[in-house]
There are 2 protein chains.
Amino acid sequence: MHTHTDSTACDDLAGAARILSAAQHLFAEKGFAAVSMHEIAQHAGVSKSNVFHHFRSKDELYLAVLGAACTSHREQLVPLLSGDEPFGVRLQRIMHADLEFMFAEPERAQLVLREITGTKPDDAVQPAPALLRDNAAALVAQMRIAQQNGEIRAEIDPAAVALLFLAANKFYFLTRNLIRHFPDVDFADDHGRYVEKIADLILHGVLPQEGVPK
Amino acid sequence: MHTHTDSTACDDLAGAARILSAAQHLFAEKGFAAVSMHEIAQHAGVSKSNVFHHFRSKDELYLAVLGAACTSHREQLVPLLSGDEPFGVRLQRIMHADLEFMFAEPERAQLVLREITGTKPDDAVQPAPALLRDNAAALVAQMRIAQQNGEIRAEIDPAAVALLFLAANKFYFLTRNLIRHFPDVDFADDHGRYVEKIADLILHGVLPQEGVPK
DNA sequence: GAACGGACCGACCGGTCGGTCAGCGAGGCA
DNA sequence: TGCCTCGCTGACCGACCGGTCGGTCCGTTC
């Protein structure tokens, strides 16, 4: 039922869907304020007043787009958190899938991340902050289970691990167009390679481990 | 010479400086498109046309503000990278100082980070992407030295460590207003505590280390 | 056929946008 | 004193903004 809606073919969709698609694309690219309703209408191939026929205001249109992005993200993540494999394997699996989702729907990811990295006051009613909070809480729960099982160190803070996990993934996505050109970076277009490296770091750290076979 | 310019007292400054200060505050808070020149003028206590007397265009004003932010950031970081202490100590020192800088000049930090997390095409001429690139390169160089000294594992990718370091710091800053309210997070307003926890994770990883005394 | 509702449109609205222009006053200098 | 420069201003400009209004067209139902 859920197909990718990252602004592929606008022509075959009904009016409201074309408007949503165009809005998603433009809001993701430029943010809310820099996109006019006229521009959205043009991209959707309808008149501006037709946009207002379907959506009462620019705010309502934006929230519809953002809400869909958050819902999609939430639906993708929830199944990832089940599983009984060893912690390290699970860490890599979740991390890889999260990246795959973001790169499969980059516009939606960009919309969500712009909301949580901005400077608006926290409002948990808004979908994106709530999504980040729930993501973090779910990861913390995973860390706690792993701690109880003795899989990871008991003295570390699960919230710090969760945040490091989220930071590693989200920052990589957010800076993808820049790090691609960094002379030392060979993982910008290979999420699998990036995941392996980062998971290794998170699991084992950077210090040499004398006497512990790998 | 360089004092904090995070929009404290506008009244004692000359016109152009007041305009820059107001612009920094508003651009940091809302981004480029959502701030009008009228609003900047009001905040600066001058007329809009006086803003255009000092700055040829909105773009020029924005670049002046952003350029100052990047310069400030660059000047703060460079002295951090010298030092001969053990790698773990240096990691914590750099990390802590970077956070201190960002929280001391949050508007400038927000401006820079918004530029590198947005969707503009990479343009190294722009100051913020160049700053990220140089930060990453400097950290990579540090990692390489530590590897040559045997302080950190030889087989890990220095660029991945550098990115993890940057991700941990920048994402923490960018989400500061949200994570403060997370039930499991006790480090949102204590950068020292956050640094200790994250540095421990980056240094030692999450896996239990049997047989290695800590 | 008539009535209705939904999708859609061009024209229009009041207001805002970035930017320009003519002018004023203050200060410095010859 | 007169001239120049600088900082500053209100009025103004065309373009654009989000949104409204009156109307048309089409499909459906009775």
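Chain identifiers are assigned alphabetically (A, B, ...) following the order of the sequence lines, protein sequences preceding nucleic acid strands; residue numbering begins at 1 within each chain.
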K.L.:
From OH of A:Tyr62 over to C1' of D:dG18, roughly how many Å is that when rounded to an integer?
P.N.:
17 Å
K.L.:
CD1 of B:Ile19 versus P of C:dG19: gap in Å, rounded?
P.N.:
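In whole Å, C:dG19 P lies 14 Å from B:Ile19 CD1.
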K.L.:
Side-chain N or O of A:His54 less than 4.0 angstrom from OP1 or OP2 on C:dC8?
P.N.:
yes
K.L.:
Start at the 5' end of DNA chain D and walk down; is the nucleotide closest to B:Lys48 or to B:Gly45 reached first?
P.N.:
B:Gly45
K.L.:
If you check every side-chain atom of A:Asn50, which of D:dG18, D:dG10, C:dC8 has the closest atom?
P.N.:
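The listed nucleotide nearest to A:Asn50's side chain is C:dC8.
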K.L.:
Tell me: CZ of A:Arg18 to P of C:dC9, nearest whole Å?
P.N.:
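It is 8 Å, rounded to the nearest whole Å.
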K.L.:
If I take atom CZ in residue A:Phe55 and atom P in nucleotide D:dG18, what distance separates them, rounded to the nearest angstrom?
P.N.:
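Spelled out: CZ on A:Phe55 to P on D:dG18 is 15 Å.
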K.L.:
When the distance from NE2 of B:His38 to P of C:dG18 is rounded to whole Å, what number comes out?
P.N.:
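Roughly 10 Å, once rounded to whole Å.
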K.L.:
By the 4.0 Å heavy-atom rule, please label B:Val35 as base, sugar-phosphate, or nothing.
P.N.:
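Sugar-phosphate, backbone atoms only, no base.
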K.L.:
Give a yes or no answer on whether the side chain of B:Gln110 reaches the backbone of B:Phe27 with a donor-acceptor pair at less than 3.5 Å.
P.N.:
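Looks like no, no N/O pair under 3.5 Å.
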K.L.:
With respect to the side chain of A:His53, which nucleotide from C:dC8, C:dC21, C:dG18 is positioned closest?
P.N.:
C:dC8
K.L.:
Can a donor-acceptor pair under 3.5 Å be found between the side-chain atoms of B:Ser57 and the base atoms of C:dG19?
P.N.:
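Answer is no: no donor-acceptor pair is held.
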K.L.:
Let me confirm one number: the CE-CG distance from B:Met37 to B:Asn50, rounded to the nearest 0.5 Å.
P.N.:
11.0 Å
K.L.:
Heavy atoms from C-beta onward define the side chain here; which of D:dC17, D:dT20, D:dT9 lies closest to that of A:Phe52?
P.N.:
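Of D:dC17, D:dT20, D:dT9, D:dT20 is nearest to the side chain of A:Phe52.
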K.L.:
I need the CD-C1' distance between A:Gln42 and D:dC17, as an integer number of Å.
P.N.:
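Roughly 14 Å, once rounded to whole Å.
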K.L.:
Of the nucleotides D:dC21, C:dG18, D:dA11, which one has an atom closest to the side chain of B:Ser49?
P.N.:
D:dA11
K.L.:
Would you find a donor on one side and an acceptor on the other, under 3.5 Å apart, between the side chain of B:Arg114 and the backbone of B:Ala28?
P.N.:
yes
K.L.:
Distance check needed: C:dG19 C1' versus B:Met37 CE, whole Å only.
P.N.:
9 Å
K.L.:
If you check every side-chain atom of A:Ser36, which of C:dG19, D:dT9, D:dG18 has the closest atom?
P.N.:
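Among the listed nucleotides, the one closest to the side chain of A:Ser36 is D:dG18.
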K.L.:
For the pair A:Glu151 (side chain) and A:Phe87 (backbone), establish whether a donor and an acceptor sit closer than 3.5 Å, ignoring hydrogens and angles.
P.N.:
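Confirmed, A:Glu151 side chain pairs with A:Phe87 backbone.
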K.L.:
Identify which nucleotide among D:dC17, C:dG18, D:dT9 has an atom closest to any side-chain atom of B:Ser47, counting heavy atoms from C-beta outward.
P.N.:
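Nearest to the side-chain atoms of B:Ser47, counting from C-beta on, is D:dT9.
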K.L.:
So do B:Leu163 and A:Val185 actually touch side chain to side chain, heavy atoms under 4.5 Å?
P.N.:
no
K.L.:
How close or far is atom P of D:dA15 from atom CD of A:Glu39, stated in whole angstroms?
P.N.:
18 Å
